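Predicted model, so just to flag it, every value in this text is computed and none were measured. Excluded from the calculations below are hydrogen atoms, water molecules and symmetry mates; all remaining heavy atoms, backbone and side chain alike, are included.
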Protein chains: 2
Amino acid sequence: MDEHRHRYVHGRSHRESERLHYQASGLADLLHGDTRYLPGTRVLEAACGVGAQTLILAKNSPAAGFVSLDISPESLALAEERIRAEGVKNVTFCQGDVYCLPFRKESFDHIFVCFLLEHLENPLLALEKMRGLLKEGGTITVIEGDHGSALFYPDSRDAHRVIDCLVDIQRQMGGNAMIGRELRHLLLDAGFSKIAVSPRQVYADSSQPESIEGVRNIFIAMVEGVEDQALAGNLVDAETWERGILDLYRTTEKGGTFSYTFFKAVAGKGQRMP
Amino acid sequence: MDEHRHRYVHGRSHRESERLHYQASGLADLLHGDTRYLPGTRVLEAACGVGAQTLILAKNSPAAGFVSLDISPESLALAEERIRAEGVKNVTFCQGDVYCLPFRKESFDHIFVCFLLEHLENPLLALEKMRGLLKEGGTITVIEGDHGSALFYPDSRDAHRVIDCLVDIQRQMGGNAMIGRELRHLLLDAGFSKIAVSPRQVYADSSQPESIEGVRNIFIAMVEGVEDQALAGNLVDAETWERGILDLYRTTEKGGTFSYTFFKAVAGKGQRMP
């Protein structure tokens, strides 16, 4: 197995695991509230990570059967532990590579992908492979962010610089942090039909303390996570980095505003839709 | 009266008037669907232009009384004609300047402002003046766009360049085409309380022909409207301009994606809220 594929721009530290759980719980309704699978359907969650989304999916569709796959055994162990702790029974975990999925053709009714494509060198190939695993009439649901959507006040060149560091590092690792806007195009090219994309925008200002905490603990923490790489790679100097991060925090203070857009796409295989 | 204040980045041509009407009808529900005024309340619409929003407001709250003000007699004439043609009776038109409003203190229950602040050199002063016209417990509703929110696929440096031309020209005229994100801060500084801001995002791809037409006839047409000024001011060369506009249209074709965010704020005067 190619060790390179284990690399993950956000790392797999404890803080990152907590961040992902926080992210999932804070955004759960906005991103996943309208995803429900019928009893008896078989759903592949491709790249479940530490199970942040798995928990929500499995609870929202308790009579569907989930197979949640990830390439990292460490992440899978954390995911399994969390799912067990919550008493959720309808998930089977499986280690594997999204480019080389260990399943029979047309063996799933639905596939669910969240925050995966942004990290792949070849998201189109992954989608084509997944399409092969879907039954005729099945659906794929894809959710990705787009760092180009970050809109804030006070605006700040330095804040954009530090976000761009994350985008650049993710690109160097083969990913694309601005993939949200591309979902329709990718799904079209991968042969899916009846593609419906909807943007899901989060907005925070100081009148909404929980949303503000979300911006700090999810988005800003994610940017802060690449500080060492950004400085080591000379993508930015230390002073600019510090100002940029401070300016990002400034958007979460009084009079500040922060918004970000996720894109959710649902598409079908074949003409029949369930 | 300062003639400079009559200047308007989008011009007041017939096409512009049609564009504004189209804009209002296409976005009416998203932007105005949740604005309703109680019977008997007196509402100031500050800067009604050609009446694009006036019509929606007055129809949605047929028992409220509207005073719709604009600085341009030509725009007012068009607005009045349109309102009359639709048989709407609850609007009085009035010519005047938003910095020097011809009304008694505390004479309105509510004030409504849409696509105005982005054109003003001193939006804070205008908001302070308006606050003076509100009764205690009254509300102000402000809706503005933010051209920094335009997010599209395929992404294109030239497309961003032509959008930046509009932003630059509007700035040269004293305005701010990226004011949407500032609404909370401006309303705070103007002394309003209980400020609630919500972003309203429009999204279009080729699966939604009406939304695609909206992008072409509203957003792209608006950018195209400053071509002569952009070229005359050497903000961009003709080839880049042409490529940028073509690239914007490209986002409305197959596989393309376009999104844009408006910001709507509702704020109160004093502690009592109606």
Original post:
Which bit of B:L183 comes within less than 4.5 Å of chain A, counting heavy atoms only: side chain, backbone, both or neither?
Top reply: neither
Subject >> Which atoms of A:L186 approach chain B - backbone, side chain, both or neither, heavy atom under 4.5 Å >> reply: neither
Subject >> Neighbourhood of chain B inside residues 122-132 of chain A, taking heavy atoms under 4.5 Å as contact >> reply: none
Original post:
For atom CD of A:E242, is the number of surrounding heavy atoms from other residues, nucleotides or ligands below 6.0 Å larger than 12?
Top reply: no
Subject >> Residue pair B:Q201 / A:P199: nearest heavy atoms and the distance that separates them >> reply: OE1-CB, 3.2 Å
Subject >> A:D155 side, atom CG; B:M178 side, atom CE - distance, nearest 0.5 Å >> reply: 5.5 Å
Original post:
Is any side-chain heavy atom of A:R181 less than 4.5 Å from a side-chain heavy atom of B:S259?
Top reply: no
**OP:** Report yes if the side chains of B:D146 and A:L151 come closer than 4.5 Å at any heavy-atom pair, otherwise no.
**Re:** yes
**OP:** Just give me the residue among B:L187, B:D205, B:T261, B:L188 that pairs up with chain A most often, heavy atom to heavy atom, under 4.5 Å.
**Re:** B:D205
**OP:** Looking only at non-hydrogen atoms, find the nearest pair between A:G256 and B:R184 and report the distance.
**Re:** O-CD, 4.1 Å
Subject >> Part of A:S206 within contact of chain B (heavy atom distance under 4.5 Å) >> reply: both
Subject >> Gap between atom CZ of B:F263 and atom OG1 of A:T257 - 0.5 Å precision >> reply: 7.0 Å
Original post:
Would the number of heavy atoms belonging to other residues, nucleotides or ligands and lying under 6.0 Å from CZ of B:R157 be above 12?
Top reply: no
